[in-house]
Amino acid sequence: STPIKSSAASDVYKRQGLVRSMSKKGCSPDNAACEGFFGRLKNEMFLGSSLDDFARELDDYINWYNRKRNKLSLGGLSPLEYRQHLGFVA
């Protein structure tokens with residue numbers, strides 16, 4: 001079975017009080033990028049963690065992504081530094 005439908009994943013979702021959202025079999029909505037991101041997020045950060053640990057790790061990742069990650073397309077600045085440079089953020 002696929003990872004999202006596996007009984008181990010189902011048990012984790014039930015224990016954490018989460019509700020899964022899946023489309024009907026054979027229905028492929030145009031959200032492949034989101035599905036890929038959330039699949040990796042689940043496999044790399046959530047499975048095997050408590051909900052509190054997952055929330056902490058996710059918050060750390062989002063802060064890194066917005067505040068510290070440098071992007072060449074933004075002149076080597078982080079997204080936050082770039083917005084500050086443009087005057088969008090104080």
Side-chain angles (χ1 to χ4, degrees):
S1 73
T2 60
I4 196 161
K5 292 183 180 179
S6 73
S7 62
S10 287
D11 292 344
V12 171
Y13 299 138
K14 285 178 189 174
R15 279 196 310 274
Q16 297 295 344
L18 301 174
V19 177
R20 295 183 299 167
S21 174
M22 294 185 288
S23 59
K24 294 179 185 176
K25 187 175 182 176
C27 177
S28 179
D30 293 322
N31 63 352
C34 262
E35 291 291 332
F37 170 78
F38 285 111
R40 283 187 297 283
L41 182 71
K42 176 193 72 163
N43 288 328
E44 294 177 15
M45 295 176 76
F46 179 67
L47 291 179
S49 296
S50 71
L51 192 54
D52 288 338
D53 288 342
F54 170 71
R56 216 173 358 266
E57 283 188 52
L58 182 58
D59 188 57
D60 289 346
Y61 175 77
I62 291 170
N63 281 316
W64 169 82
Y65 190 89
N66 288 320
R67 298 175 183 271
K68 297 181 180 172
R69 170 186 61 104
N70 296 327
K71 292 218 18 126
L72 291 177
S73 64
L74 301 179
L77 301 173
S78 72
L80 179 62
E81 291 169 331
Y82 184 72
R83 288 184 205 109
Q84 288 171 331
H85 173 74
L86 295 176
F88 294 148
V89 178

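Residues in residues 62-88 take part in no salt bridge (Lys or Arg N to Asp or Glu O under 4.0 Å) pair, two or more places apart or across chains.
Within 6.0 Å of OH on Y65 lie no more than 12 heavy atoms contributed by other residues, nucleotides or ligands.
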Under 3.5 Å, which donor-acceptor pairs do the side chains of residues 48-55 form with other protein atoms, sequence neighbours left out?
from, atom 1, to, atom 2, distance (Å)
S49, OG, M45, O, 3.1
S50, OG, D53, N, 3.0
S50, OG, D53, OD2, 3.4
D53, OD1, R56, NH2, 2.5

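Among all heavy-atom pairs drawn from P79 and N66, the shortest one is CD-O, 3.6 Å.
Side-chain contact between V12 and F46: present, with at least one pair of heavy atoms (C-beta onward) separated by less than 4.5 Å.
With sequence neighbours excluded, the residues satisfying side-chain contact (heavy atoms from CB on, under 4.5 Å) with L86 are Y82, F88.
The line from CG of L74 to CG of L80 is 11.0 Å long, rounded to the nearest 0.5 Å.
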